[in-house]
Amino acid sequence: MEVPPPAAWQPQEEGFREICGLLEHQISPTSTADKSQIWQQLQHFSQFPDFNNYLAFILSRAEGKSVEIRQAAGLLLKNNLRNAYKTMTPANQQYIKSELLPCLGAADRHLRSTAGTIISVIVQLGGISGWPELLQAVITCLDSNDLNHMEGAMDALSKICEDIPQVLDTDVPGLSDRPIKIFLPRLFQFFQSPHTSLRKLALGSVNQYIMLMPAALYESMNQYLQSLFALANDQAAEVRKLVCAAFVQLIEVQPSFLEPHLRSVAEYILQVNKDGDDEVALEACEFWSAYCDAQLPPENLREFLPRLIPVLLSNMAYADDDESLAEAEEDESLPDRDQDLKPRFHTSRFHGSDSAEDDDDDIVNVWNLRKCSAAALDVLSNVFGDEILPTLMPVVQAKLSASGDESWKDREAAVLALGAVAEGCINGLHPNLSQMVGFLIPLLDDKFPLIRSISCWTISRFSKYIVQESGHQKGYEQLDKVLMGLLRRILDSNKRVQEAACSALATVEEEAAEELTPRLEIILQHLMCALGKYQRRNLRIVYDAIGTLADAVGAELNQPAYLEILMPPLIAKWQQLSNSDKDLFPLLECFTSIAQALGAGFSQFAEPVFQRCIAIIHSQQLAKADPVAAGFPYDKEFIVCSLDLLSGLAEGLGSGIESLVSQSNLRDLLLQCCMDDAYDIGQSAFALLGDLARVCTVHLHPRLPEFLDVAVKQLNTPKLKETISVANNACWAIGELAVKVRQEISPVVMTVMSCLVPILQHSEELNNKSLTENSAITLGRLAWVCPELVSPHMEHFMQSWCIALSMIHDDIEKEDAFRGLCAMVRINPSGALSSLVFMCKAIASWHEIRSPELHNEVCQVLHGYKQMLRNGAWDQCMSALEPPVKEKLLKYQV
């Protein structure tokens, strides 16, 4: 007998009413019910296996309920499915899917859109082949000629294309073609629809495939381009914006398709760059930078420059609704709100040659047409150099000479333009640089705050050249005027100007370095004055300017007169902040620079600073284990900044830090930090381990085996590429420990060697100059202290090791590595025979070996091989070397 089919799921009236009631309270702004209690009740209902069925039923069938309640049910369903979909029974999954499909044609747009969002989530979780009915339903709706059905299906399809485009470009059982191939002709057809919403959704969907470039789109590229040209002057701004976005992405990913049409595309983009809708103009403006970044032939753009540059300049003027205009009116006495504080990023300490460059030219909050146009001008100036000046300068001069309050935005844009081309056009601008700077200095005192702030930035863009000219009297006077002008602006009453002036001063400080020494007192007085009057956000920038000044002038800062100006206000700020206050970060960074600059001069301030760092690390480790008991949430950046400041102290005080370390539990805290999973904590912890190894190894001694063990683990990891900066510092620290503890390093020598050799042999793939250099130095240091362990394995690594050594600049660390080389050759001379040419090149890479005894050892090594290689073998080796290498070897008398 037949088994009846399982009964379809039906909602219970009581459950339906109860859930609708809760949703109504949840979304009602006037409801008096406790929102968190409602949320808890909804969470409680989520435990029931068919709760999500109710939500789907309310979304699709609760005709008597308001659209808001039905939409709320849909959004809750979407969030629940993200966590629960994969564990639901197939029957419940099927029920929800079957209720969603009819919603695609719902009369209300909000319901259609909510259904589309949920459909995309289900496809993300279950794939497209798990829902064969979906594709058929979407095709039926697209082909239906009913606007609601077409729009609903198009909305769902566009969300799938945006969230998971790759699923439509896979083979689906039961379909002869991939879904994207079935959809593309229909999408192209919608490009011509009279309904804006369909044109926009269809174009947006196809654009999602430019990056992936499935075969179906590749084959239809001509049709796609023709359709883009047909939509180029669409009356809807959002469609024009998508046309521009398509051209920008194509030029980035598949420029060959645009090459035959390049002139007409560039002509079009140039026109749309003047579009009345700023968002369209912004999208068009992205094209110029994208073209240059794709390193396509610049000559294709050359003919457009005379028309393009004036457009960029006119778009660089502030728009009337730019948020900066309102900000510029803000009074300095207004305290900053938390949301005014930009996120800050601390870069952990890094030992080596390629630590991250920081790009300080970012005056960014929101990307807009003004900033995009300035960025395009910057890129064009780097590609075309001085050839843009004949077009640019007359426009800039005309705008600068416009007088009257109403034209201040044009004057401001002209100053921004000069800053934007400062790098690319410097050769052409250089002959008139002092007149130009002379013209900018008075603008620092302009009555419009945004002209004052942009003048700070533009002057800082030329700071390198201003400093270079300061060798003669006129240049010296101009540098003085620039410094005094910026210092006046640091004390401006406008927050935006304060920020720009401090950032500009920091840039000038980096360039001027010791040139600042005669002006130190007045710079410090102004910075301390700013410290007293700034609000929280700009205080961070003052700390940065103080830290940069300390880095720039170094030990010159260590004068009682300067310290009396500098230290009391900083210590007062230091005492005002609690150990869990994030405003402490920039201050910790600032103290790090000061400690390194003052050296032993910092010892009078060192004890409270040292103890506080220890306290911060300790309290954060407690907060990590139990934030409730600690009373504040864990934030690893406190640990990173404190470790870096301790490194600064170790570097500044040298062995003077020993008494502080001996009376603290730093050793145990540091070991814990070295074991931390967070990469930036590990990176800073190993930097400190190496710094302490240099100045007070004795206090690390009791836990030496554990430190070595955790450091070796960083090198012996399959995830080396991800953790490369931790590995780099751990590698450096092992070498620093080795030269101090000598033979005691022997238990780990073989393990470390087995990790370092592959790094040297695969340095091309790792592509990390610093790790390669540190690996070569540490391997050399191990060879120096334990040659009998390392030398038997020489022939396995000699060639790649010598190549790495020849890339390293002369310094103490390189000396240690060569001591290792000499020690190994003494024990096992035949181990280097097959790599002798590479060894000679490594020796020739020295500019000059400062240590007389090492120089003699290297001479002995070369002479030894010369005597060992008879019958012309030595001459044969020499003939394989380039003439400059041979010449450098002469100083070793071979």
Side-chain angles (χ1 to χ4, degrees), residues 327-337 340-342 344 360 363 441 443-446 449-457 459-460 463 479-512 516-553 557 561-577 581-594 597 605:
E327 277 179 20
E329 301 306 313
E330 246 188 49
D331 181 29
E332 66 166 342
S333 59
L334 223 75
D336 292 321
R337 302 160 305 168
D340 297 332
L341 302 177
K342 292 185 202 157
R344 54 179 304 290
D360 54 56
I363 13 179
I441 291 172
L443 294 180
L444 291 172
D445 299 302
D446 195 275
L450 290 172
I451 291 186
R452 300 201 295 275
S453 64
I454 201 65
S455 302
C456 291
W457 179 74
I459 284 175
S460 77
S463 56
L479 176 59
D480 252 349
K481 283 183 184 156
V482 164
L483 275 170
M484 290 315 297
L486 291 176
L487 292 175
R488 276 199 306 282
R489 289 294 60 83
I490 280 177
L491 301 185
D492 200 292
S493 60
N494 183 284
K495 287 183 182 180
R496 274 293 294 269
V497 181
Q498 293 171 356
E499 179 181 5
C502 265
S503 298
L505 179 70
T507 309
V508 174
E509 287 171 347
E510 281 175 359
E511 294 296 343
L516 297 175
T517 308
R519 309 166 169 95
L520 257 175
E521 187 170 344
I522 194 156
I523 296 174
L524 287 170
Q525 284 166 342
H526 279 78
L527 287 172
M528 290 309 112
C529 193
L531 202 62
K533 70 182 247 162
Y534 279 14
Q535 300 295 341
R536 284 169 63 201
R537 174 172 150 173
N538 284 349
L539 266 182
R540 298 171 169 196
I541 305 166
V542 182
Y543 293 140
D544 179 55
I546 295 169
T548 309
L549 180 65
D551 295 337
V553 300
L557 193 58
Y562 300 151
L563 295 184
E564 268 167 43
I565 304 171
L566 174 67
M567 294 309 289
L570 280 179
I571 291 167
K573 288 283 182 200
W574 169 264
Q575 287 165 346
Q576 282 164 16
L577 297 169
D581 188 328
K582 290 187 178 189
D583 291 342
L584 204 52
F585 296 149
L587 189 49
L588 290 166
E589 288 172 358
C590 176
F591 268 116
T592 306
S593 295
I594 292 171
F605 313 107

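We number each residue from 1, following the sequence as shown.
Applying the side chain to side chain contact (heavy atoms under 4.5 Å, CB included) criterion to A530, with sequence neighbours excluded, gives I490, L491, Y534, V542. Remark: S453 engages L450, V497, A500 in a side chain to side chain contact (heavy atoms under 4.5 Å, CB included) (not counting sequence neighbours). Residues passing the ring pair (Phe, Tyr, Trp, His ring centres under 6.0 Å) test with F591 are W574, sequence neighbours excluded. A search for side-chain hydrogen bond (donor to acceptor under 3.5 Å, both in side chains) contacts involving E509 returns nothing, not counting sequence neighbours. Looking at residues two or more places apart in sequence or on another chain, you find a side-chain hydrogen bond (donor to acceptor under 3.5 Å, both in side chains) between R452 and D492. Under the side-chain hydrogen bond (donor to acceptor under 3.5 Å, both in side chains) criterion, K481 pairs with no residue, sequence neighbours left out. In terms of the side chain to side chain contact (heavy atoms under 4.5 Å, CB included) criterion, residue partners of P569 (sequence neighbours excluded) are, by chain and number, M528, L531. With sequence neighbours excluded, no residue forms a side-chain hydrogen bond (donor to acceptor under 3.5 Å, both in side chains) with T592.
The nearest pair of heavy atoms linking A545 to A506 is CA-CB, 4.3 Å. The shortest non-hydrogen separation linking I451 to S455 is O-OG, 2.7 Å. The shortest non-hydrogen separation linking C590 to G547 is SG-N, 4.1 Å. For S460 against T507, the heavy-atom pair with the smallest separation is O-CG2, 3.8 Å. A504 and C456 make their closest contact through CB-O, 3.4 Å (heavy atoms, listed as atom of the first residue, atom of the second, distance).
Contact of the S503 side chain with the I541 side chain is registered, since non-hydrogen atoms from C-beta on lie closer than 4.5 Å. L557 has its side chain within reach of L566: a pair of non-hydrogen atoms, C-beta onward, lies under 4.5 Å apart. No side-chain heavy atom of R537 sits less than 4.5 Å from a side-chain heavy atom of K495. Using a 4.5 Å heavy-atom cutoff, the side chains of R540 and D544 are not in contact. The side-chain heavy atoms of D581 and Q576, taken from C-beta on, include no pair separated by under 4.5 Å. In this structure the side chain of Y543 reaches within 4.5 angstrom of the side chain of L570, judged on heavy atoms. Put simply, the side chain of D445 reaches to within 4.5 Å of the side chain of R489, judged on heavy atoms. Contact check for D583 versus K573: no side-chain heavy atoms found under the 4.5 Å cut-off.
Legend: salt bridge (charged side-chain N to carboxylate O under 4.0 Å, His left out) pairs involving residues 519-528, not counting sequence neighbours, sorted by first then second residue: D480-R519.
S463 contributes no side-chain N or O that, together with a main-chain N or O of I459, makes up a donor-acceptor pair within less than 3.5 Å.
Under the side chain to side chain contact (heavy atoms under 4.5 Å, CB included) test applied with L505, the options T548, L549, L527 reduce to a single match, L527.
The structure places CE of M484 at 9.0 Å from CD1 of I523, a figure rounded to the nearest 0.5 Å. Here CG of N494 is found 10.0 Å from CD of E499. Values are rounded to the nearest 0.5 Å. Atom CG of residue L479 and atom CG of residue L516 lie 7.5 Å apart, to the nearest 0.5 angstrom. One finds the CE atom of M567 at 11.5 Å from the CG atom of L524 (value rounded to the nearest 0.5 Å). Taking CZ from F605 and CG from L563, the interatomic distance works out to 5.0 Å, rounded to the nearest 0.5 Å. One finds the CG atom of L487 at 9.5 Å from the SG atom of C502 (value rounded to the nearest 0.5 Å).
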Report task. Before giving the answer on side-chain contact (heavy atoms from CB on, under 4.5 Å), spell out for H526 and L486 the whole-Å C-alpha distance, their side-chain angles and the decisive distance to 0.1 Å. Result -> CA-CA 10 Å; H526 279 78; L486 291 176; over 6 Å; no
